[in-house]
Amino acid sequence: MNQPARALSPTPSPAQARASMERLAALLSGVVQGKEREARLTVTCLVADGHLLLEDVPGVGKTTLAEALARGCALSFARIQFTADLLPADVLGAQVFHAPTAAFNFRPGPLFRQLVLADELNRAPPRTQSALLEAMAQGQVSLDGTTHLLPRPFTVVATQNPVDLSGTFPLPDSQLDRFLMRLSLGHPSAEVEARLLTTRGAASPLQGLSAVATPEELLGLRELAAGLHLDGAVADYVVRLAHATRSHGDIERGASTRAVLALGRAARAQALWDARDFVTPADVREVLVPCLAHRLLLRSAGAGAAARDEAAHLLGELVRKVPAPR
């Protein structure tokens, strides 16, 4: 087994964590303007040690946001453009014959980076999409009987075009369930677009971007978030919300147990925005739609943005019906 060294990281205080997260969110907001809430949720997902799915039409800043996130944390970065002819070996790597030693050596693929942008993931067939499953779930890749650990921190940011666009393959449920959050950036406001026209020019918004955190700091933030207190009453609230999705008449398949755990992780990271060391029901509600909406299978025949909006509507309905602890 190939096991790279893993250094210990210092754990910050909640106040230090909030300051670090605000710096990173400000950096993202400066690159993708007018999307402050999406920038904060992106940081929440990163601190919760989760993978992020960005679903939207082309040209609204999905790729730029992912690259800014890597630069902001000084993470090693790779962009994989998923296409219909991409093979799993193009993502994972392969055994290559080395003539001088008459042996096969493993040549890592682009997946062996700390932040991997899986661009237009749903343009690849399911066989290639599934190459990411083990990496996203366990942080490792198994090839030819050998397990290769991925670097830490390791995060996948995938972009997905609406499934009603031509040349796309819907992501399988097992793949969707491994994304901690799904976000949609949407078009910026008219004011923001006018400001971009007059101020940006030909320069890339990523030009001159400097890191505001390090990979070691990010590991410390993740360690802190994972250890925050989640009271039994709040845990019961999370479970009751998940169970409500499983018994709703308009939902064919509700939240999985993996989704329950993901919601808890995201709520813990959300608590750090207030420099708290405990989770409140409000933290759960703030991340509920980004964490659960893409995991629900609705009985309605809608797809793309319509399904996304309907899932968000149903979750909002459940929040009003399920009593929160006081």
Side-chain angles (χ1 to χ4, degrees), residues 14-48 50-73 75 115 117 155 157-160 179-200 203-213 217-218 221-222 225 263 265-276 279-280 282-294 305 308-309 312 315-316 319:
Q16 290 170 328
R18 178 176 64 179
S20 297
M21 293 166 68
E22 287 180 342
R23 283 196 300 273
L24 188 53
L27 178 142
L28 298 180
S29 297
V31 173
V32 184
Q33 297 184 25
K35 301 296 175 185
E36 286 75 15
R37 182 170 186 271
E38 288 78 7
R40 287 170 67 91
L41 285 170
T42 297
V43 175
T44 302
C45 183
L46 186 71
V47 172
H51 307 292
L52 176 64
L53 177 63
L54 297 171
E55 181 183 80
D56 221 315
V57 295
V60 295
K62 303 188 296 294
T63 303
T64 302
L65 179 69
E67 190 163 353
L69 193 61
R71 292 196 185 194
C73 294
L75 302 174
L115 194 148
L117 170 60
T155 299
V157 177
T159 70
Q160 174 178 237
F179 286 102
L180 186 82
M181 287 188 186
R182 179 187 65 181
L183 298 177
S184 175
L185 295 179
H187 293 289
S189 66
E191 291 77 10
V192 170
E193 285 189 324
R195 186 165 66 243
L196 292 174
L197 276 173
T198 56
T199 60
R200 178 163 294 179
S204 166
L206 299 170
Q207 188 173 340
L209 207 63
S210 299
V212 295
E217 289 177 34
L218 176 57
L221 290 171
R222 289 181 170 183
L263 183 56
R265 283 163 51 199
R268 284 184 166 97
Q270 179 66 30
L272 289 176
W273 287 109
D274 291 328
R276 280 184 275 103
V279 179
T280 68
D283 295 324
V284 176
R285 290 192 292 271
E286 180 66 21
V287 296
L288 181 70
V289 171
C291 285
L292 293 195
H294 62 290
R308 186 175 63 223
D309 294 344
L315 287 170
V319 164

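For the pair L65/K35, no side-chain contact is recorded, criterion being any heavy-atom separation below 4.5 Å from C-beta on. At a threshold of 4.5 Å between non-hydrogen side-chain atoms, the residues E38 and V32 do not count as touching.
No donor-acceptor pair closer than 3.5 Å links the side chain of R285 to the backbone N or O of V319. Remark: side-chain polar atoms of R265 are paired, donor with acceptor, to backbone N or O of A48 under 3.5 angstrom. Listed for the H294 side chain is a donor-acceptor partner under 3.5 Å among the backbone atoms of F179. A donor-acceptor pair under 3.5 Å links the side-chain atoms of D283 to the main chain of T280, judged by distance alone. At least one donor-acceptor pair under 3.5 Å links the side chain of S184 to the backbone N or O of E55.
Of all heavy-atom pairs between C45 and L52, the closest is SG-CB, 4.0 Å. The heavy-atom pair separating G34 from V192 by the smallest distance is CA-CG2, 4.1 Å. Closest approach of R18 and W273 over heavy atoms only: CD-O, 2.9 Å. The heavy-atom pair separating A269 from M21 by the smallest distance is O-CE, 3.7 Å. For A312 against V289, the heavy-atom pair with the smallest separation is CB-CG1, 3.8 Å. Of all heavy-atom pairs between L183 and P290, the closest is CD2-CB, 3.9 Å.
A distance of 8.5 Å separates CG of L263 from CG of L180, quoted to the nearest 0.5 Å. A distance of 3.5 Å separates OG1 in T155 from CZ in R222, rounded to the nearest 0.5 Å. Rounding to the nearest 0.5 Å places CD of Q160 at 10.0 Å from NZ of K62. Expressed to the nearest 0.5 Å, how far OG1 of T42 lies from CG of L185 amounts to 7.0 Å. Taking CD of E22 as the reference point, atom CG of L27 lies at 13.5 Å (rounded to 0.5 Å). Between atom CG of residue L69 and atom CG of residue L75 there is a gap of 7.0 Å, rounded to the nearest 0.5 Å.
Look at E67 and R71 and you find a salt bridge, because one of the NZ, NE, NH1 or NH2 atoms lies within 4.0 Å of a carboxylate O, short of that distance. Under the 4.0 Å criterion applied to side-chain N and carboxylate O atoms, E286 and R37 are assigned as salt-bridge partners.
Among L46, V47, L41, the single residue meeting the side-chain contact (heavy atoms from CB on, under 4.5 Å) criterion with V43 is V47.
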